[in-house]
Amino acid sequence: MKKKQKPVLIVCLLIILLMAVGGGSFLIHRYMPVKDRMDLSEYYGQTEGSQAHIIIGTTQMEALGEIIDGQAYLPLETVNKYLNQRFYWDSENGQILYATPSELTSTASSSESGSDVLVMNDTVYLKLDYVCRYTNLETYTYQEPNRIVIQKKFKGIQAVDTVKEAYIRYRGGIKSEVLTQVSSGTSLIFLEELENWVKVATFDGYTGYVEKKKVSEVYKLDRETDFQAEKYQYISMDEPVNMAWHQVTTAEANEYLSEAIQNVTGVNVISPTWFSIADNSGNITNISSGEYVAQAHAAGMQVWGLIDNFSEEISTVEVLSKTSSRQNLIQQLMHAALAVGMDGINIDFEYLSEEVGKHFLEFLRELSIECHKNNLVLSVDNPVPEDFTSHYDRAEQGRVVDYVIIMGYDEHYVGSEEAGSVASLPWVEQGIIDTLEEVPASRVINAIPFYTRLWKTQGGSLSSEAIGMDQAQDVISKYEVETYWDKNAGQNYGSYETEEGYFQIWIEDAQSVAAKVKLVPKYGLAGVAQWKLGFENSSIWSVISENLTE
């Protein structure tokens, strides 16, 4: 009986053993982390020949770079958009221009590998080493697959440190393939926290997941860098700027400066409208006067000569996109400024299309170099920020010029669909707030109008005319207009009706000007400007001076 039971017992034990082995295998398979490496060509994507993926920060770019003979190249468009916008393609001469604060460098292009500027298949590429001469970057170049990894942020990085050796996996889970292995104490870029996993990125180009238990709490990481770039040195006034534009249309009109400023007080900068672009080669019209400058200096005023692009005979795109015409324009401005002893140049290029944006910025960079060589203040006029003027790039302007001026007027203008204020207080203030998101307050000047518009509605047709302060008061008096303070506009408002139509006016006067000027100390701005001499009444100057400082 015992002999018969023994085989049965053995069979049972074997069955139990097999079940244990099977269960153990199941548990091992389920809970044991895999160490299989992911195919990086699958992770990054396939490339052909010398093509290379580009990873900037934690983002893989759609555009591809090149790795040729061990040298990494980036498309110029990628460099401009994500790394450094100052590399400027001079299509006229087939070269890259780079404006530092003190000089304009040029690098010729070539179709041969090894050059700093490579033209291949109608695309301009910049050697990564060349980009790094002017840009604070940390770079990695790898092959199999080809990839170029770039880190450009060094301060305030959201990070975690590994507390033990860890795998970075393609997905959260121990069964996910391994992207890379990192040692204890490795800093990783923190992206997202999950239940048991943390999404991270390595500085050398992998984005994946690590077990939460293997990393520290999130902290702010500042990384050391040896890169040192030349910094702009700005020319600034020791007191708040109080600038008046002086519309001068003929050389003879310069003789009437004393008359124009006889009742002016507190103004320390005058900007005469002396220059215009004359043709597409960058030549200018010039009615500047040394006697005018001497007289302004005697009155305690600096002179910032204004140049505009208002001629219908010229194309601003053509003038600024050609290096020969751009440089000709700059040279003529410098010659004129030095000939009459000007203190600065004011750029008033208006209605700039998106197409001209990058060329306008290059013009300012190149002009800044020459202005600062000659101790000339460079200022540039801008409309109030709107989405459709983002290509003006006030942030870049603010880096290269001394003063960025907001033209805080023409909220309503000739052609507006409805009557309204030229410069309501909330609109002006919002323009300042939006500008300060891009430009330091200490180099922002807010310009205010000395004019208003008298709006006329007749037979369903709307028209207007610009009138000065005294003329506006004459209208109020002549038609016995009752006015009241419009708190929404920050102005006195009045309306009246005659046989000619229905008239409306939002008045610029001492009360409205005081409210606008008070925004200068409120936001710590560099000063105020006024358009234009001749539209004011004599009492307004004391109002400006009294409210320009706290």
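What's counted below: heavy atoms across the whole structure, side chains too, no hydrogens, waters or symmetry copies. Since this is a predicted model, take the numbers as computed values, not measurements.
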May I ask you to test the Ile150-Val131 pair for a side-chain heavy-atom distance under 4.5 Å?
no
Going from OH on Tyr73 to CG on Asp69, what distance comes out if it is rounded to the nearest 0.5 angstrom?
8.0 Å
Please confirm whether Lys532 makes a cation-pi placement over Phe535, using NZ or CZ under 6.0 Å from the six-membered ring centre and within 45° of the ring normal.
yes
Aromatic rings Tyr98 and Tyr134: how do their planes relate, parallel, tilted or perpendicular, breaks at 30° and 60°?
parallel
Does Arg223 qualify as a cation-pi partner of Phe203, given the criterion of NZ or CZ under 6.0 Å from the six-membered ring centre and within 45 degrees of its axis?
yes
State whether a side-chain donor-acceptor pair under 3.5 Å links Ser288 with Asn286.
yes
Taken to the nearest 0.5 Å, the spacing of Phe310 CZ from Thr316 OG1 works out to 10.0 Å
Cut-off 3.5 Å, side chains only: do Asn346 and Ser379 have a donor facing an acceptor?
yes
Looking at Glu77, I'd like to know if its CD atom is crowded, meaning that more than 12 non-hydrogen atoms belonging to other residues, nucleotides or ligands lie closer than 6.0 Å.
no
Would you tell me whether Glu508 and Ser512 have side-chain atoms, one donor and one acceptor, within less than 3.5 Å of each other?
yes
Taking side chain as C-beta onward, heavy atoms only, is Glu318 less than 4.5 Å from Ser325?
no
Distance-only donor-acceptor check, side chains Thr135 and Asn84, under 3.5 Å:
yes
Any heavy-atom pair between the side chains of Leu74 and Leu128 that's under 4.5 Å?
yes
Considering only heavy atoms from C-beta outward, does the side chain of Asp402 approach that of His372 to under 4.5 Å?
yes
When rounded to the nearest 0.5 angstrom, what distance separates CZ in Phe275 from CE in Met342?
4.5 Å
Tell me which donor-acceptor pairs under 3.5 Å the side chains of residues 227-236 have, and how far apart each pair is, sequence neighbours excluded?
unit_1: Glu230; atom_1: OE1; unit_2: Ser102; atom_2: OG; d: 3.1
unit_1: Glu230; atom_1: OE2; unit_2: Ser102; atom_2: OG; d: 2.9
unit_1: Tyr234; atom_1: OH; unit_2: Arg399; atom_2: O; d: 2.7

Atom pair OG (Ser424) and NE2 (His412), whose distance is rounded to the nearest 0.5 Å
7.5 Å
Residue list, side-chain contact (heavy atoms from CB on, under 4.5 Å) with Ala441, at least two apart or on another chain
Leu436, Leu525
4.5 Å side-chain heavy-atom contact, Val377 and Val269
no
All N/O donor-acceptor pairs, side-chain side in residues 542-550, below 3.5 Å, sequence neighbours left out:
unit_1: Ser542; atom_1: OG; unit_2: Ser539; atom_2: O; d: 3.0
unit_1: Ser545; atom_1: OG; unit_2: Trp541; atom_2: O; d: 3.2
unit_1: Asn547; atom_1: ND2; unit_2: Val543; atom_2: O; d: 2.7

Ring-plane angle category for Tyr292 and Trp274, please: parallel below 30°, perpendicular beyond 60°, tilted otherwise.
perpendicular
Does a donor on one side chain and an acceptor on the other come within less than 3.5 Å for Tyr523 and Asn446?
no
Are Ser368 and Arg365 close enough that a side-chain donor and a side-chain acceptor fall under 3.5 Å?
no
Heavy-atom check, side chain of Ile96 versus side chain of Asp116, under 4.5 Å:
no
Is there a donor-acceptor contact under 3.5 Å linking the side chains of Gln530 and Asn242?
yes
Within the 3.5 Å criterion, strictly below it, is a donor on Gln397 or Asp393 matched to an acceptor on the partner's side chain?
no
Without swapping roles, check the side chain of Thr273 against the backbone of Leu306 for a donor-acceptor pair under 3.5 Å.
no
Going by heavy atoms in the side chains, are Ile67 and Ile148 under 4.5 Å from each other?
yes
No-hydrogen, no-angle side-chain donor-acceptor test under 3.5 Å, Glu138 and Thr225:
no
State, yes or no, whether a side-chain contact exists between Val384 and Gln430 at a heavy-atom distance under 4.5 Å.
no
